[in-house]
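Notes follow once the structure below has been shown.
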Amino acid sequence: MPHVTFCFQYRSINHRVDASSMWLYRQYYSNVCQRTLSFTIFLILFLAFIETPSSLTSTADVRYRAAPWEPPCGLTESVEVLCLLVFAADLSVKGYLFGWAHFQKNLWLLGYLVVLVVSLVDWTVSLSLVCHEPLRVRRLLRPFFLLQNSSMMKKTLKCIHWSLPEMASVGLLLAIHLCLFTMFGMLLFAGGKQDDGQDRERRTYFQNLPESLTSLLVLLTTANNPDVMIPAYSKNRAYAIFFIVFTVIGSLFLMNLLTAIIYSQFRGYLMKSLQTSLFRRRLGTRAAFEVLSSTAGEGGAFPQAVGVKPQNLLQVLQKVQLDSSHKQAMMEKVRSYGSVPLSADEFQKLFNELDRSVVKEHPPRPEYQSPFLQSAQFVFGHYYFDYLGNLIALANLVSICVFLVLDADVLPVERDDFVLGILNCVFIVYYLLEMLLKVFALGLRGYLSYPSNVFDGLLTIVLLEAGDAGLAVAVGHDPHAEHAHRVPLPANHPQHEADGRGGQYRRGPGAEHACVWRDPGGGLLRICRHWDQLVSRCRCGSPWKQQAALVTLWNLMVVNNWQVLLDAYRRYSGPWSKIYFVLWWLVSSVIWVNLFLALILENFLHKWDPQSHLQPLAGTAEATYQMTVELPFRDILEEPREDELMERLNQHPHLQLCR
């Protein structure tokens with residue numbers, strides 16, 4: 001029996017096809033191996049949270065935060081080297097299956113090899129220095145393992161690369177727009193005598209070229225609006241025209257134009273990617289046909305017919321790892337041909353069954369003989385009964401909100417939750433009754449076949465197990481507030497000087513006890529690196545909080561008051577730190593978020609496509625729907641030609657066709 005690779009997952013077929021290689025191929029793409037590889041990628045990325053300096057603490061407030069656990073030298077390194085060995089085995093298998101010629105041409109595999117070698121060398125240096133090396137280069141390379149083993153990430157990066165020329169044109173317009181208004185802003189607001197009050201605050205945003213560029217760049221994201229406009233507007237109402245025109249042109253026109261271009265380019269690249277995926281599937285299917293095809297006229301029944309014998313195809317399908325419903329549907333269709341060989345067109349249509357997904361029917365409802373029970377079953381099994389349950393749940397939520405508002409100024413220990421407890425008991429009894437009535441109407445198997453019912457049932461059981469109806473009310477509070485009075489604070493501690501100051505805290509870069517405090521009166525930022533400096537030099541209005549690197553970048557991505565972080569890091573690390581954060585904003589907020597938006601739009605259009613619902617699978621009675629991503633473009637994608645497929649198959653490095 002020949003070993004055939006069916007391109008079910010749109011994979012490349014340019015790999016070895018001998019018996020041992022096919023066994024290795026199937027083992028490599030098995031669920032166990034792929035999940036092990038995915039877990040290894042997760043593990044090596046997770047090491048960053050526990051490696052020195054660790055950020056795994058329950059709170060960011062240094063007054064209550066315990067010292068983070070520092071792993072001993074060799075612990076994380078042992079886990080890391082195991083991950084690197086798994087990646088080395090992964091690279092070796094890929095190199096063997098696809099051959100050295102393909103390996104040399106594949107930039108991803110070559111990059112995989114380079115990253116592994118650099119990581120192993122850096123790991124060796126780290127151990128030789130007893131984990132006291134100043135820089136670990138391999139940490140910067142770890143995201144590559146995720147990129148290399150994710151086809152979606154590769155396609156996304158290719159899409160960005162393909163879209164860069166069009167985005168660069170709009171980016172140039174944005175730069176010109178920004179520079180032009182920066183010069184106008186400096187001419188309008190930076191001149192004149194230096195006096196106190198509003199004029200000084202107004203000139204702070206436009207005191208020099210870097211500050212002016214930063215102020216208008218942040219205004220492009222509307223993060224500092226109307227703060228940057230109010231001082232000038234207070235001086236002269238006509239100055240508002242400058243900021244309004246800048247915002248309309250930059251934020252409402254150019255930024256949205258950039259979003260439209262990214263979506264258009266994404267859709268264009270998606271079309272190209274889908275065309276490539278379609279060609280891969282057709283090529284894999286045709287390769288399977290060519291390997292399985294034979295002259296079926298051994299006894300003279302079909303002397304000139306060339307095709308795949310149904311009995312041979314059935315034997316192959318028995319060994320293929322495939323969903324049982326799809327496999328059963330395909331086998332039923334193959335049996336319908338009897339002993340007549342399948343032509344290339346029939347063979348291709350057979351694999352169209354893989355594009356359909358079975359929607360299983362819910363188990364049948366119990367049958368009751370009594371008319372009263374039948375009527376009750378109809379009522380409690382109707383979807384209007386679900387609407388009633390949703391209304392009751394809404395009433396429960398509203399009651400909790402009302403009591404929270406009424407008791408907002410009352411201490412938790414002084415609250416009288418008797419009425420709220422009684423109401424919660426009533427609601428829990430209704431939820432339990434609703435669950436039992438649904439089980440009565442649908443049956444236990446029918447009730448469990450709905451995910452929403454499973455969720456409601458588990459929630460009801462949790463509420464019952466709680467025992468105390470007051471536990472159903474989740475009142476948020478500061479876990480450290482109840483014992484904060486036990487912590488002795490210095491006389492000059494920032495908390496003692498909070499009244500009337502109104503300071504704001506921000507994290508300083510790279511320091512364990514660094515804080516950035518903004519004085520609202522003078523608009524100045526003070527940075528205290530250590531705790532003694534914090535106590536003696538900074539008068540902070542509220543307990544400052546540290547921000548880990550991920551949280552900092554997340555806050556920058558959502559561009560909420562990101563000018564505060566820009567200014568803080570500029571004062572601590574220098575003016576060039578702004579370049580890093582601006583580049584992060586461009587990549588994350590402008591490119592990645594817009595790509596995510598484009599993906600949501602495409603998915604929305606696909607789900608709401610009325611032509612996505614097709615006929616059932618062959619041999620099944622369940623309703624099905626087309627689920628492939630090619631569906632929205634089925635009228636645009638071109639079917640590969642016969643000569644293109646055969647030409648590519650003849651160039652296969654490991655496949656020798658019989659004809």
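Residues: numbered from 1 along the sequence shown.
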Looking at residues at least two apart in the chain, or sitting in another chain, which of them share a side chain to side chain contact (heavy atoms under 4.5 Å, CB included) with [X]?
X    : answer
L120 : L84
S128 : V125
P143 : none

Of all heavy-atom pairs between [X] and [Y], which one has the smallest distance, and what is that distance?
X    : Y    : result
P640 : L645 : CB-CD2, 3.9 Å
L566 : F581 : CD2-CB, 3.4 Å
Q104 : L110 : O-CD1, 3.3 Å
I261 : V170 : CD1-CG2, 2.9 Å
L135 : D122 : O-OD1, 4.2 Å
F289 : L342 : CE1-O, 3.3 Å

(request) Quick one: which residue pairs count as a side chain to side chain donor-acceptor pair (under 3.5 Å) with a foot in residues 575-593, not counting sequence neighbours? (result) T214-K578
Any salt bridge (charged side-chain N to carboxylate O under 4.0 Å, His left out) involving [range]? Give me the pairs, sequence neighbours left out, ordered by first then second residue.
range            : value
residues 554-563 : none
residues 39-59   : E51-R136, E51-R139, E51-R142
residues 644-655 : R641-E644
residues 94-110  : D90-K94

(message) Donor-acceptor check, side chain of S264 to backbone of A260, threshold 3.5 angstrom: yes or no?
(response) no
(request) Please check if the side chain of H132 supplies one atom and the backbone of V130 the other of a donor-acceptor pair under 3.5 Å. (result) yes
(request) Scan residues 103-131 for pairs that pass ring pair (Phe, Tyr, Trp, His ring centres under 6.0 Å), counting only residues two or more places apart or in two chains. (result) W100-F103, W108-F144
(request) Return the set of residues passing disulfide bond (SG atoms under 2.5 Å apart) with C131 (not counting sequence neighbours), or none when no residue passes. (result) C73
Would you give me the side-chain donor-acceptor pairs under 3.5 Å for residues 39-49, sequence neighbours excluded?
| residue | atom | partner | partner atom | Å |
| --- | --- | --- | --- | --- |
| T40 | OG1 | T36 | O | 2.7 |

(message) Side chains of L254 and L258, heavy atoms from C-beta outward: is any pair under 4.5 Å?
(response) no
(message) Does L172, at its CG atom, have more than 12 non-hydrogen atoms belonging to other residues, nucleotides or ligands within less than 6.0 Å?
(response) yes
(request) Under the side chain to side chain donor-acceptor pair (under 3.5 Å) rule, collect the residues that match up with T124, sequence neighbours excluded. (result) none
(request) Test L350 against L313 for side chain to side chain contact (heavy atoms under 4.5 Å, CB included), laying out the working first. (result) CA-CA 11 Å; L350 175 66; L313 182 55; 3.4 Å; yes
(request) Just do the side chain to side chain contact (heavy atoms under 4.5 Å, CB included) check on R138 and E80 with the steps written out, would you? (result) CA-CA 10 Å; R138 63 185 184 276; E80 185 177 13; 2.6 Å; yes
